[in-house]
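Okay, structure first, notes after.
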Amino acid sequence: MVSERLIGMADTAPARPVVTRFAPSPTGYLHIGGGRTALFNWLYARGRGGKFLLRIEDTDRERSTPEATEAIFRGLRWLGLDWDGETTSQFEQRHRHAEVAREMLARGSAYKCFSTQEDIEAFREAARAEGRSTLFHSPWRDADPATHPDGPYAIRMRAPRAGETVVEDAVQGTVRFRNDQLDDMVVLRSDGTPTYMLAVVVDDHDMGVTHVIRGDDHLNNAARQQMVYDAMGWEVPVWAHIPLIHGPDGKKLSKRHGAVGVEEYQIIGYPAAGMRNYLTRLGWAHGDAEFFTTDQALAWFDLPGIGRAPARLDFKKLENLCGQHMAAMEDAALLHELEAFLAASGQPGLTPPQRDLMHSALYCLKDRAKTFPELVDKARFILTARPIVADEAAARLLDPVSRGILKTLTPQLQNASWTKEALEALMTETAMAQGLSFGKLAGPLRAALAGRTVTPGVYDMMLVIGRQETIARLKDAAA
RNA sequence: GGCCCGUUCGUCUAUCGGUUAGGACACCAGGUUUUCAACCUGGUAAGAGGGGUUCGACUCCCCUACGGGCUGCCA
């Protein structure tokens, strides 16, 4: 099959270095679906030693804002998706676009259309009434230039009416469109500005984009854009239209599903590596691989592995993956990302002493948390100063009997060797002396040390905060 | 309405004509255990429906249903 041959060629023997791009319109936050599209493009290019470019599609002057552009940058940076070279602005290329439109005019592959919006609306109105196709057929397509009025005009593509346009898509396969189903799209508006349909093609060509990986809401557009490539005699890129992401209910992702903006995920506290893993796995598979590093994703990512059906967001699985990545992360990197999380979510940062404690405690914290808020919660024993205020559940464990036991423990801790083994021996001994199981002792101990019933192991906490602080907290609790 | 895409456990998916349809998350049960978490073991659970093609279809073709997209001088 033709499509398979194309895919094979693209994957095994690229004729030229791979160049991909992410081309968001700056009209709001970076959508999670857009984030995944960017990730796929980044993985594909970088995994092959190619280039990943960023172009801001800001030709809609009404809706484009610099704030939105900034939000896109922040979102991509958080995901760790760096792009090559300068960011390009589609709007700044408008003169080049217009030049191409005029070139198409000169080649006869486009024509001046003097129809007004009202003419077109009337045409569609009539077509609807008669049950005909509402595709606009401009009367100016074959008009004699001598009859052209001296007014504003749009430039329309002179699209072929017969035959079909075949899109070879690396994900969707061979997709055929009958040309009579496609109309003569406007490439240059009557105010002289280019339309998206023209601008993407010109920009992708000028930037040397070899693979267009984007949402499948553009699949139909590919057919029309291909006509522009053909008209200009340009090489058509490899198309890869990936399915959109849906909400947990299978419906199109929207605000009511909760987090739709990439930045919201950072604020919720997912580690970026876990986010990348999850997003890569959503709609793409490499056999049974579930948990993998970004380096592995770079090595494995390919187009044939992309699925054709829309995927639903599953926060449970996201969390699970994030938990695994947290546990696998280097302490220094984890600490760094934790601080970035605190800043991004508007929380107070760590003081230098807290930072040191956190660093030394991460070993017993990181495999207990799936998100940064969970990590912070589990780290409460090093983030709060004495006196430790016990929560309700912890307070219940500090009954008079338990407090008495804690009291007998403090002198022994004074002389104990401060290692896990020694502490363990001491605790077990103390528990037995009281006729208790160690579990009965650990509860109050934990409550005294952290004020919580959910914490890292008691020995780990004691080792992290040290002898003096441990004894002080036990005395506080026993008092 | 027209055109285009899609449909395997609840969810993400493997399978590229021949498998007891595999894995992961979630869930349930058990184990380990100083709580929670983590961890270990086991379990429930799937090819939308109907026609073909074939010795044999989840895999190929057609129809239907359902979901999604496009149908702009938006991107």
Side-chain angles (χ1 to χ4, degrees), chain A residues 4 23-27 57-60 62-64 90 113 115-117 120 124 128 131-136 152-156 167 169 171-173 175-178 180-183 185-191 193-197 199-200 215-224 241 243-244 246 248 250-252 278 281-291 304-305 307-321 323-324 327 367-370 374 378 393-394 397 424 427-428 431 437-443 445-447 452-459:
Chain A
E4 285 171 0
S25 24
T27 53
E57 308 227 301
D58 51 358
T59 51
D60 185 338
E62 300 288 299
R63 297 193 299 154
S64 298
Q90 189 158 66
C113 174
S115 297
T116 63
Q117 302 278 19
I120 297 168
R124 295 215 167 95
R128 253 190 297 275
R132 292 200 327 265
S133 161
T134 55
L135 289 180
F136 181 59
Y153 60 85
I155 297 181
R156 281 183 189 272
V167 171
D169 193 281
V171 173
Q172 310 289 346
V175 186
R176 298 170 181 282
F177 297 87
R178 280 170 47 187
D180 60 14
Q181 298 294 334
L182 271 17
D183 61 1
M185 63 186 176
V186 169
V187 290
L188 199 72
R189 300 186 185 98
S190 50
D191 65 1
T193 60
T195 60
Y196 163 78
M197 287 293 181
V200 248
D216 71 5
D217 49 336
H218 286 286
L219 182 57
N220 291 268
N221 294 339
R224 323 165 82 146
H241 289 93
L244 271 19
H246 285 176
K251 297 292 183 191
K252 194 179 169 186
Y278 177 73
R281 190 63 187 67
L282 193 64
W284 174 84
H286 180 74
D288 286 338
E290 298 286 349
F291 170 78
R308 291 147 306 278
R312 303 183 189 197
L313 235 29
D314 179 352
F315 290 91
K316 290 286 193 196
K317 185 147 185 175
L318 205 209
E319 280 183 16
N320 178 278
L321 246 17
Q324 294 186 59
D367 59 353
R368 294 168 174 272
K370 298 189 178 83
E374 280 182 27
K378 300 285 193 303
L397 291 173
E424 189 168 3
M427 291 305 150
T428 312
S437 70
F438 176 65
K440 295 290 182 196
L441 174 58
L445 198 49
R446 165 171 291 109
R452 293 289 176 89
T453 54
V454 180
T455 71
V458 289
Y459 306 128

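Proteins come first, then strands; the chains are lettered A, B, ... in the order of their sequence lines, and each starts at number 1. Side-chain atoms are counted along with the backbone in the values below, which use heavy atoms only and exclude waters and symmetry mates.
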Inter-nucleotide C1' distance (G2(B), C73(B)), Å rounded: 22 Å

C3(B) C1' sits how many Å from Gln181(A) CD, rounded? 5 Å

With sugar-phosphate meaning primed atoms plus P, OP1 and OP2, does Gly323(A) contact a base, only sugar-phosphate, or nothing at under 4.0 Å between heavy atoms? nothing

Between P of C12(B) and NE2 of His286(A), the distance in whole Å: 21 Å

Using the side-chain contact (heavy atoms from CB on, under 4.5 Å) rule, take Leu188(A) and Thr195(A) through it: C-alpha gap first, then chi angles, then the decisive distance, then the call. CA-CA 6 Å; Leu188(A) 199 72; Thr195(A) 60; over 6 Å; no

Going by an N to O cut-off under 4.0 Å, is there a salt bridge joining Asp180(A) and Arg178(A)? yes

Base paired to C3(B) (Watson-Crick or G-U; both N/O distances under 3.5 angstrom): G69(B)

Could you state the atom-to-atom distance from CZ of Arg281(A) to P of U11(B) in whole Å? 15 Å

Who pairs with A57(B) - Watson-Crick or G-U, where each distance is under 3.5 Å: none

Value in whole Å for how far the C1' atom of C25(B) lies from CG of Asp288(A): 14 Å

Sticking with atom C1', work out how far C61(B) lies from U44(B), rounded to a whole angstrom. 36 Å

If pairing means Watson-Crick or G-U wobble with both distances under 3.5 Å, then the partner of C36(B) is none

Could you tell me how far G23(B) sits from G42(B) if I compare only their P atoms? Round to whole Å. 10 Å

Provide the distance between the two P atoms, one in C60(B) and one in U8(B), to the nearest whole Å. 14 Å

Checking Ser25(A) side chain against Thr27(A) main chain: does a donor-acceptor pair fall under 3.5 Å? no

Return the orientation label for the Tyr459(A) and Phe438(A) ring planes: parallel under 30°, perpendicular over 60°, tilted otherwise. parallel

I'd like to know if Asp183(A) and Arg224(A) make a salt bridge, using a cut-off of under 4.0 Å between side-chain N and carboxylate O. yes

Mind calculating the distance between CZ (Arg308(A)) and P (C58(B)) to the nearest angstrom? 17 Å

C74(B) - base-pair partner by Watson-Crick or wobble geometry, distances under 3.5 Å: none

Under the side chain to side chain contact (heavy atoms under 4.5 Å, CB included) test, which residues partner Asn320(A), sequence neighbours left out? Gln324(A)

Applying a 3.5 Å limit to both distances, which nucleotide forms a Watson-Crick or G-U wobble pair with A29(B)? U41(B)

Can you tell me the pairing partner of C16(B) across any strand shown, Watson-Crick or G-U wobble, with both distances under 3.5 angstrom? none

Base-contact (B) and sugar-phosphate-only (S) positions in nucleotides 33-49 of chain B, heavy-atom cut-off under 4.0 Å, - elsewhere: -BBBBS-----------

Letter per nucleotide, 5' to 3', of nucleotides 64-75 of chain B [B base touched, S only sugar-phosphate touched, - untouched; heavy atoms, 4.0 Å]: ---SSBSSSBBB

Rounded to whole Å, please give me the gap between CG in Asp169(A) and P in C4(B). 15 Å

Write down the distance separating the C1' atoms in C25(B) and A46(B), rounded off to the nearest Å. 16 Å

Same-atom distance (C1') from G6(B) to U13(B), integer angstrom: 15 Å

Would you compute the distance between atom CD of Glu319(A) and atom CD of Glu374(A) and round it to the nearest 0.5 angstrom? 6.5 Å

With rounding to the closest Å, how many angstrom separate the P atoms on U19(B) and C58(B)? 9 Å

Does a donor on one side chain and an acceptor on the other come within less than 3.5 Å for Thr134(A) and Arg124(A)? no

Rounded to whole angstrom, note down the C1' distance from A48(B) over to U59(B). 16 Å

Write down the distance between NZ (Lys317(A)) and C1' (A24(B)), rounded to a whole number of angstrom. 4 Å

Rounded to the Å, how far apart are Trp284(A) CH2 and G23(B) C1'? 14 Å

